[in-house]
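Index from 1, following the sequence.
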Amino acid sequence: MSSTFDFYQSEEFRNELRVCRLFRLKYPRGGHYNDGFELLGEIKFANGEELLKALDVIGVRYKIHSEKPQVWCPPPLAVGSETCWIEYENIVTCFGYKTYVKIGTCEPSLEFNFNSVSWYEVTLEDVKRAASFEKVLISYNLL
């Protein structure tokens, strides 16, 4: 019986992953009960305005606060000369692709996790979906 690690080293999996420009396979760091393989892609932005425009295009629902809200939010985001906090839904469907997103505010970024079946394992179908998603991002000039 082959292991999950062997599957990730297989020619079929590696060939599909090579198609991806944005997404990479993140290996477990080890020692953490909730650590597993993840298919992650991150887009970095020059500033907060570009990040907010991308969220609008991609369809991530968010709410801007001028003061730190009671609910958890990432650190404040600079948008022009304003400082704001962003509250957002992290499980979303972007262009028809279900994904988990994480917004980075210190350095404006948007991270996608394309694990669809398990938080701990990546399937070949996940990689194929990620490659297809990248094509949509390119068509919207986001990648």
Side-chain angles (χ1 to χ4, degrees), residues 4-143:
T4 301
F5 185 79
D6 291 338
F7 169 68
Y8 297 140
Q9 299 304 314
S10 72
E11 186 175 339
E12 180 182 24
F13 188 86
R14 300 309 279 165
N15 286 341
E16 287 294 333
L17 192 58
R18 278 188 201 100
V19 172
C20 295
R21 292 178 39 194
L22 178 68
F23 285 88
R24 300 290 175 251
L25 183 65
K26 181 209 147 268
Y27 288 80
R29 289 172 284 212
H32 301 281
Y33 75 93
N34 63 347
D35 204 9
F37 290 91
E38 295 175 292
L39 185 60
L40 302 177
E42 183 180 36
I43 302 174
K44 295 185 180 187
F45 300 95
N47 53 50
E49 294 91 342
E50 285 185 15
L51 171 61
L52 294 179
K53 285 179 191 174
L55 294 176
D56 290 335
V57 170
I58 291 171
V60 175
R61 292 183 1 176
Y62 64 92
K63 184 176 180 182
I64 298 292
H65 300 275
S66 58
E67 296 180 8
K68 186 174 182 179
Q70 294 295 321
V71 297
W72 180 90
C73 287
L77 173 70
V79 179
S81 61
E82 301 290 320
T83 298
C84 61
W85 286 260
I86 186 166
E87 179 183 350
Y88 64 97
E89 292 183 15
N90 54 13
I91 299 176
V92 297
T93 301
C94 302
F95 306 125
Y97 298 88
K98 188 174 179 183
T99 182
Y100 179 88
V101 297
K102 183 169 81 174
I103 295 174
T105 55
C106 297
E107 294 180 26
S109 64
L110 182 56
E111 181 181 81
F112 302 94
N113 179 321
F114 256 57
N115 290 43
S116 65
V117 178
S118 165
W119 286 109
Y120 308 103
E121 294 181 16
V122 176
T123 67
L124 187 59
E125 186 59 33
D126 292 338
V127 178
K128 290 177 180 181
R129 286 182 336 103
S132 181
F133 180 66
E134 286 182 0
K135 290 176 183 175
V136 177
L137 290 176
I138 290 168
S139 74
Y140 281 90
N141 205 27
L142 291 171
L143 184 60

*asked:* In this structure, is the centre-to-centre distance between the rings of F37 and Y27 below 6.0 Å?
replied: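 Judged by ring-centre distance (under 6.0 Å), Y27 and F37 do meet the cut-off.
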So does [Y] get a backbone contact from the side chain of [X], meaning a donor-acceptor N/O pair under 3.5 Å?
X	Y	answer
R24	R21	yes
E111	L40	no
S132	R129	no
D126	S116	yes
E134	L22	yes

*Check salt bridge (Lys or Arg N to Asp or Glu O under 4.0 Å) between R61 and all other residues, then give those that pass, not counting sequence neighbours.*
E89
*List the steps, then state whether side-chain contact (heavy atoms from CB on, under 4.5 Å) holds for S66 with E82.*
CA-CA 8 Å; S66 58; E82 301 290 320; over 6 Å; no
Which heavy atom of [X] sits nearest to which heavy atom of [Y], and what is that distance?
X	Y	answer
G48	P108	N-CG, 3.8 Å
F13	T123	CE1-O, 4.1 Å
W85	P74	CD1-O, 3.6 Å
G36	P28	C-CG, 3.7 Å

Separation between [atom1] of [X] and [atom2] of [Y], rounded to the nearest 0.5 Å:
X	Y	atom1	atom2	value
F95	S139	CZ	OG	7.0 Å
I86	L51	CD1	CG	6.0 Å
L110	C94	CG	SG	7.5 Å
C20	K128	SG	NZ	12.0 Å
I58	T99	CD1	OG1	9.5 Å
N115	L39	CG	CG	6.5 Å

*Taking the inter-plane angle between the rings of F133 and Y97 on a 0 to 90° scale, is it parallel (under 30°), tilted (30 to 60°) or perpendicular (over 60°)?*
perpendicular
*asked:* Just so I know, are the side chains of V127 and F114 near enough to count as touching, which here means a heavy-atom distance under 4.5 Å?
replied: no
*Taking C-beta and beyond as the side chain, do Y8 and L17 meet within less than 4.5 Å on heavy atoms?*
no
*Go through the steps to decide whether L52 and L77 satisfy the test side-chain contact (heavy atoms from CB on, under 4.5 Å), and finish with yes or no.*
CA-CA 10 Å; L52 294 179; L77 173 70; 4.3 Å; yes
*Could you tell me whether N15 atom CG has more than 12 heavy atoms of other residues or ligands within 6.0 Å of it?*
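More than 12 heavy atoms, drawn from other residues, nucleotides or ligands, come within 6.0 Å of this atom.
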*Using the ring pair (Phe, Tyr, Trp, His ring centres under 6.0 Å) rule, pick out the option among Y88, F112, W119 that qualifies with Y100.*
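When ring pair (Phe, Tyr, Trp, His ring centres under 6.0 Å) is applied between Y100 and each of Y88, F112, W119, only W119 qualifies.
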*Give every residue pair that meets the side-chain hydrogen bond (donor to acceptor under 3.5 Å, both in side chains) criterion with at least one member in residues 41-51, sequence neighbours excluded.*
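Passing the test, one end in residues 41-51: E42-S109.
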_Please determine whether side-chain contact (heavy atoms from CB on, under 4.5 Å) holds for the pair L55 and I103, giving the CA-CA distance in whole Å, both sets of side-chain angles, and the decisive distance to 0.1 Å._
CA-CA 9 Å; L55 294 176; I103 295 174; 3.7 Å; yes
